[in-house]
Protein chains: 2
Amino acid sequence: MEGRKRKILEAIILDYIATGEPVGSRTIARRYNLGVSPATIRNEMADLEELGLLEQPHTSAGRVPSDLGYRYYVDCLMERQELSQSEKDYIRSRFEQKLGEIEQVLAEATRLLAEMTNLAAVGLGPYQGRAYIRQVQLFHVSPGRALLVVVTSNGLVEHHFFSVPCGISQFELERVSRLLNHRLQGIILEELKPSILNDIYRELVAEHRELCSLLMELLERLSKLEKEEKIFLEGTLNLFEQPEFRDINKVKSLLSILGQADTLRELFAQGPPAGLTIKIGRENKYQGISKCSVLTVTYEINGEVIGNVGVLGPTRMDYSRTISILEYVAQNLSRALERLCG
Amino acid sequence: MEGRKRKILEAIILDYIATGEPVGSRTIARRYNLGVSPATIRNEMADLEELGLLEQPHTSAGRVPSDLGYRYYVDCLMERQELSQSEKDYIRSRFEQKLGEIEQVLAEATRLLAEMTNLAAVGLGPYQGRAYIRQVQLFHVSPGRALLVVVTSNGLVEHHFFSVPCGISQFELERVSRLLNHRLQGIILEELKPSILNDIYRELVAEHRELCSLLMELLERLSKLEKEEKIFLEGTLNLFEQPEFRDINKVKSLLSILGQADTLRELFAQGPPAGLTIKIGRENKYQGISKCSVLTVTYEINGEVIGNVGVLGPTRMDYSRTISILEYVAQNLSRALERLCG
DNA sequence: ACTTAGCACTCTAAATTATAGAGTGCTAAA
DNA sequence: TTTAGCACTCTATAATTTAGAGTGCTAAGT
């Protein structure tokens with residue numbers, strides 16, 4: 001595409017992102033001095049519409065970028081906006097607080113994203129599929145009740161209460177703990193198949209007949225670990241400041257999407273491969289967000305992708321800035337997690 | 001108040017709850033055959049307005065109950081609506097699933113409330129103030145990292161990762177665990193004052209000089225336990241089906257209230273004393289919900305109040321049914337928790 | 001002393017009409 | 001190829017009309 005068309009397209013997109021109003025030829029001529037008259041710009045605009053990059057809400061309105069237009073902008077036109085030093089410092093500082101748990105760190109990252117982008121932010125993970133079991137511990141909490149704690153390599157801690165026969169001593173529980181650890185440590189959750197569990201069960205049941213039902217439950221529980229992923233959502237309210245959500249029905253359909261954990265997971269879970277994913281408007285499969293874009297980026301521990309954070313906002317968003325924030329946050333998030341449980 | 005006035009007031013409130021439209025004298029005369037003419041009803045309505053129980057949106061509209069009107073209805077007029085057997089069975093069945101953790105049970109209760117009342121539902125707790133420490137466990141998860149697990153009498157499980165000097169053996173950690181348990185078991189969280197922690201610290205530091213910083217962090221962490229309460233929120237979307245939320249600004253101010261954990265906690269944390277609390281319209285302090293009512297009920301373990309569940313909806317809600325659901329859910333919730341960790 | 005029919009009056013919500021303004025596309029001249 | 005000029009289109013806003021629901025008051029009925 002020739003230089004002038006690109007410049008005009010860019011001007012229209014930037015103006016629309018800034019104002020939210022359809023952009024007319026006069027506006028472009030006035031605000032961005034491209035050295036041509038409105039009439040010329042009108043001709044170019046007609047071409048750009050032909051190419052599918054612009055749209056007209058109605059005959060006598062200005063132009064609005066189409067999904068394709070944004071796509072072209074993001075892929076070819078946009079320049080990455082560097083964050084200012086103070087913004088970087090701020091982001092870094094938010095991860096330097098004492099955040100004891102992996103989930104707290106992720107929650108904080110999500111909050112931070114929502115705050116800085118003024119969009120809705122989502123944090124997903126950490127994925128447990130490729131994680132392996134680090135530790136299994138079983139101990140009494142009161143007569144007749146025990147707690148199982150499982151720690152995975154991705155830093156997830158899961159616990160579960162069990163009833164145990166009153167006769168079981170702490171000593172015996174510790175033996176079971178050791179045995180479980182011996183057999184389970186290092187096993188990747190995805191590969192935790194019933195056959196392995198059955199082996200353990202057989203071995204255990206011989207020695208600890210009284211613990212039968214406990215063990216069944218316990219092993220069942222373990223095999224479910226893989227599927228559990230936490231979801232954090234922040235900044236929903238930010239979206240409703242945007243003029244595109246003046247309509248209550250749009251708000252409703254958006255809220256119903258944001259309210260379903262499954263849907264969010266599908267929208268935001270992109271990794272691996274590592275890096276940034278951008279879905280603009282209709283590129284998303286859900287109807288309710290056909291006027292929204294979803295940006296996600298992966299985060300990792302020791303080079304392995306273990307989750308996503310991302311934002312959702314109107315297609316008319318400041319992609320350049322949002323992407324910078326997203327990447328910088330993800331980078332700091334990864335580093336914080338490595339500090340925590342690498 | 002004389003019988004006819006009460007009947008008219010009740011008719012107006014019931015009609016308004018059902019339709020959402022201001023109620024006129026003709027409507028009452030037609031739908032509820034009280035054996036008097038619209039003119040008579042008009043006179044009574046004027047009286048009821050004088051008493052502050054009714055309001056007129058404008059001169060030529062029908063009447064709408066005021067906060068005071070609802071209050072009178074709830075306190076004096078309303079009959080408790082029994083839930084049907086199948087509804088009761090349904091609620092009970094939802095608590096009979098395998099719900100391994102106290103927080104899962106609470107989350108389920110909140111979802112159930114939202115679903116059955118068609119309002120926004122909130123689950124709070126379990127409160128940790130009066131809970132005591134049941135178990136403290138400290139163990140390695142990988143070289144140089146340890147996990148602390150604390151279990152309270154209210155069934156809360158908290159965990160926290162620590163860096164430990166590489167030289168520390170599992171054996172040593174177990175000794176520390178035992179010592180911590182010995183000193184902390186049975187201590188009520190509210191009474192976990194710095195002085196106790198300092199004692200422990202002094203005792204530990206003599207034997208385990210290398211663990212200094214770990215211990216500091218650990219004790220600090222313990223003292224924060226009291227304040228942590230989980231909040232569950234479900235069914236926000238339900239509210240926006242109500243005609244009173246056609247206006248986007250109302251939606252926004254409501255969402256901003258529902259989005260703040262602190263505010264929710266303040267609104268819904270009522271107990272003890274045990275039982276039901278009803279706040280109607282302006283009786284709530286927050287402006288944004290001046291057209292909403294908040295109903296909460298306490299739940300307990302072994303007779304001790306440990307949390308609240310509740311709903312928030314427009315003042316124009318079906319109080320009778322909502323209250324029945326709320327109480328039945330709370331009762332089942334208490335029972336489920338007792339089964340789980342009583 | 002209540003109750004009620006009748007009626008003038010008020011107010012709103014919805015429908016209708018008028019108005020202003022922004023923006024376009026086309027034509028013809030530079 | 002660019003641009004000024006102009007007729008035309010479309011929408012959003014405001015202004016106006018209309019219909020209907022509901023009230024309060026009065027005066028007559030029980």
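The figures that follow rest on heavy atoms only: side chains count, while hydrogens, waters and symmetry mates do not. Since the model is a prediction, treat every value here as computed from it, not as a measurement. Letters A, B, ... mirror the listed sequences (proteins, then strands); counts begin at 1.
The phosphate of D:dT23 (OP1 or OP2) has a side-chain N or O of B:Arg63 nearer than 4.0 angstrom. Between D:dT9 and A:Thr59, no contact under 4.0 Å exists linking OP1 or OP2 to a side-chain N or O. Distances shorter than 4.0 Å separate some side-chain N or O of B:Thr40 from OP1 or OP2 on C:dT4.
Put simply, CE on B:Met45 is 15 Å from P on D:dC25, counting in whole angstrom units. Going from atom CD1 of A:Ile41 over to atom P of D:dT1 covers 18 Å, rounded to whole Å. Taking atom CZ on A:Arg42 and atom P on C:dG23, their separation rounds to 10 Å, with Å as the unit. At whole-Å resolution of the value, OH in B:Tyr16 and C1' in D:dG22 are 16 Å apart. Residue B:Leu54 contributes atom CG, which lies 11 Å from atom P of D:dG24 at whole-angstrom precision. Taking atom NE2 on A:His58 and atom P on C:dG23, their separation rounds to 9 Å, with Å as the unit. As a whole-Å value, the separation of B:Glu49 CD from D:dG22 C1' is 13 Å. One can place CG of B:Asp15 at 11 Å from P of D:dG22, the figure rounded to the nearest angstrom.
Of the residues in residues 25-37 of chain B, B:Val36, B:Ser37 come within less than 4.0 Å of DNA chain C through at least one heavy atom, sorted by number.
Between the side chains of B:Glu115 and B:Tyr90, at least one donor-acceptor pair of N or O atoms lies under 3.5 Å. There is a side-chain donor-acceptor pair under 3.5 Å between A:Tyr286 and A:Glu266. Looking only at atom types and distance, the side chain of B:Ser293 has a donor-acceptor partner in the side chain of B:Tyr319 under 3.5 Å away. Residues B:Thr40 and B:Ser37 have side chains that bring a donor and an acceptor to within less than 3.5 angstrom of each other. Under the 3.5 Å distance criterion, with hydrogens and angles disregarded, no donor-acceptor pair is assigned to the side chains of A:Gln260 and A:Arg265.
Using a cutoff of 4.0 Å between basic side-chain nitrogens and carboxylate oxygens, B:Arg4 and B:Glu44 are scored as salt-bridged. B:Lys5 has a carboxylate O that lies under 4.0 Å from a charged side-chain N of B:Glu2, or vice versa, which qualifies the two as a salt bridge.
Map B:Asn43 and A:Pro22 each onto its nearest nucleotide of DNA chain C; the residue landing nearer the 5' end is B:Asn43. Mapping B:Ala39 and B:Pro57 onto DNA chain C by nearest heavy atom places B:Ala39 at the nucleotide closer to the 5' end.
The 12-atom threshold is not exceeded at CD of A:Glu82, counting heavy atoms of other residues, nucleotides or ligands nearer than 6.0 Å.
Rounded to the nearest 0.5 angstrom, B:Asn43 CG and B:Ile8 CD1 are separated by 9.5 Å.
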Under 3.5 Å, which N/O atoms of the protein pair with N/O atoms of nucleotides 13-21 of chain D?
none

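For B:Gln56, the listed nucleotide lying nearest its side chain is D:dT23; candidates were D:dT23, C:dT10, C:dT3.
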